Amino acid sequence: QVQVVESGGGLVQAGGSLRLSCAASGSIFRANTMGWYRQAPGKQRELVAIISSTGSPTYADSVKGRFTISRDNAKNTVYLQMNSLKPEDTAVYYCRSWVLTNTYWGQGTQVTVSS
């Protein structure tokens with residue numbers, strides 16, 4: 001059974017930083033593409049960043065230059081370093097793991113950026 005668990009959300013002032021973590025278990029982590037998504041109230045869930053099994057990142061235009069996705073295969077963990085946060089970054093952030101033909105989601109972690 002694959003499990004995906006996020007942590008690290010919280011309340012931060014605009015311009016501040018947070019680092020989210022996502023621990024995945026139950027599969028060969030190093031072979032999986034991992035991603036971060038977010039969903040703000042009243043909006044659809046959107047892609048924030050993806051990192052391939054080889055470590056190649058892809059970012060949404062809205063976070064380029066501010067967010068960095070990385071992975072530590074020894075710890076089965078993917079990170080999202082978020083800098084220069086804006087109020088519009090406020091959302092529930094979800095981690096997603098692609099395992100073969102299936103995908104698995106975490107329960108989400110709230111990020112709130114105050115102005």
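Bear in mind the structure is a predicted one, so any value in this text is a computation, not a measurement. Sequential numbering from 1 along the given sequence is applied to the chain's residues.
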Practice prompt. Say whether Arg45 and Tyr37, considering side chains only, have a donor N or O and an acceptor N or O under 3.5 Å apart.
Written response: no
Please set out all donor-acceptor pairs under 3.5 angstrom arising from side-chain atoms of residues 49-58, sequence neighbours excluded.
| from | atom 1 | to | atom 2 | distance (Å) |
| --- | --- | --- | --- | --- |
| Ser52 | OG | Thr54 | N | 3.3 |
| Ser52 | OG | Thr54 | OG1 | 2.9 |
| Ser52 | OG | Gly55 | N | 3.4 |
| Ser52 | OG | Ser56 | N | 3.0 |

Discussion item. I'd like to check the ring pair (Phe, Tyr, Trp, His ring centres under 6.0 Å) partners of Tyr94; sequence neighbours left out, ordered by chain and number.
Written reply: none
Discussion item. Test of understanding: with side chain to side chain contact (heavy atoms under 4.5 Å, CB included), list the residues that count as partners of Gln44, not counting sequence neighbours.
Written reply: none
Fill in: Check: Glu6 side chain, Cys95 main-chain N or O, donor-acceptor pair, under 3.5 Å
yes
Practice prompt. Return the minimal non-hydrogen interatomic distance between Lys75 and Thr77, and the atom names on each side.
Written response: O-OG1, 2.8 Å
Worksheet entry | Leu80 side chain reached by Val48 side chain, heavy atoms, under 4.5 Å | yes
Item to complete: Can you sort out the partners of Asn73 under side-chain hydrogen bond (donor to acceptor under 3.5 Å, both in side chains), two or more places apart, ordered by chain and number?
Response: Arg71
Item to complete: Kindly write out the residues that satisfy side-chain hydrogen bond (donor to acceptor under 3.5 Å, both in side chains) with Asn102, not counting sequence neighbours, or none if the list is empty.
Response: none
Fill in: Gap separating the CE atom of Met34 from the CD1 atom of Ile69, nearest 0.5 angstrom
8.0 Å
Fill in: Residues in side-chain hydrogen bond (donor to acceptor under 3.5 Å, both in side chains) contact with Asn76, at least two apart in sequence or another chain
none
Worksheet item: Can you check whether Gly35's main-chain N or O pairs, donor with acceptor, with Arg96's side chain at less than 3.5 Å?
Response: no
I'd like a table of donor-acceptor pairs (distance under 3.5 Å, sequence neighbours excluded) in which one partner is a side-chain atom from residues 16-31, with atom names and distances.
| from | atom 1 | to | atom 2 | distance (Å) |
| --- | --- | --- | --- | --- |
| Ser17 | OG | Asn83 | OD1 | 2.9 |
| Ser27 | OG | Asn32 | ND2 | 2.8 |

Response to the item:
Apart from Leu11 itself, members of its ILVMFWY cluster (side-chain separation under 4.5 Å) are none
Fill in: Pairs meeting criterion ring pair (Phe, Tyr, Trp, His ring centres under 6.0 Å) with involvement of residues 39-92, two or more places apart
none
Discussion item. Applying side chain to side chain contact (heavy atoms under 4.5 Å, CB included) to Gln39 and Glu46, what does each step give before you reach the verdict?
Written reply: CA-CA 6 Å; Gln39 187 167 18; Glu46 63 177 3; over 6 Å; no
Worksheet entry | Straight-line distance of Leu47 CG to Arg38 CZ, nearest 0.5 Å | 9.5 Å
Worksheet item: Transitively linked via ILVMFWY side-chain contacts under 4.5 Å: Trp36 with Trp105?
Response: no
Worksheet item: Who else is in Tyr104's hydrophobic cluster (ILVMFWY, side-chain heavy atoms under 4.5 Å, direct or via others)?
Response: Val2, Val4, Val99, Leu100
Item to complete: Give the C-alpha distance, both sets of side-chain angles, the deciding distance and a yes or no for side chain to side chain contact (heavy atoms under 4.5 Å, CB included) between Met82 and Val113.
Response: CA-CA 11 Å; Met82 305 185 294; Val113 184; over 6 Å; no
Worksheet item: How long is the span from the OG atom in Ser114 to the CD atom in Gln13, to the nearest 0.5 Å?
Response: 5.0 Å
Practice prompt. Measure from the side-chain N and O atoms of Thr90 to the backbone N and O of Thr112, and report whether any donor-acceptor pair falls under 3.5 Å.
Written response: no
Item to complete: Output all residues satisfying side chain to side chain contact (heavy atoms under 4.5 Å, CB included) with Glu88, sequence neighbours left out; order by chain, then residue number.
Response: Lys86
Worksheet entry | Heavy-atom closest contact (Ala14 atom, Pro87 atom, distance) | CB-CD, 4.1 Å
Discussion item. Can you confirm whether Thr109 sits close enough to Val92 that some side-chain heavy atom of one is under 4.5 Å from a side-chain heavy atom of the other?
Written reply: no
Item to complete: Mind checking side-chain hydrogen bond (donor to acceptor under 3.5 Å, both in side chains) for Gln3 and listing every partner two or more places apart, or none if nothing turns up?
Response: none
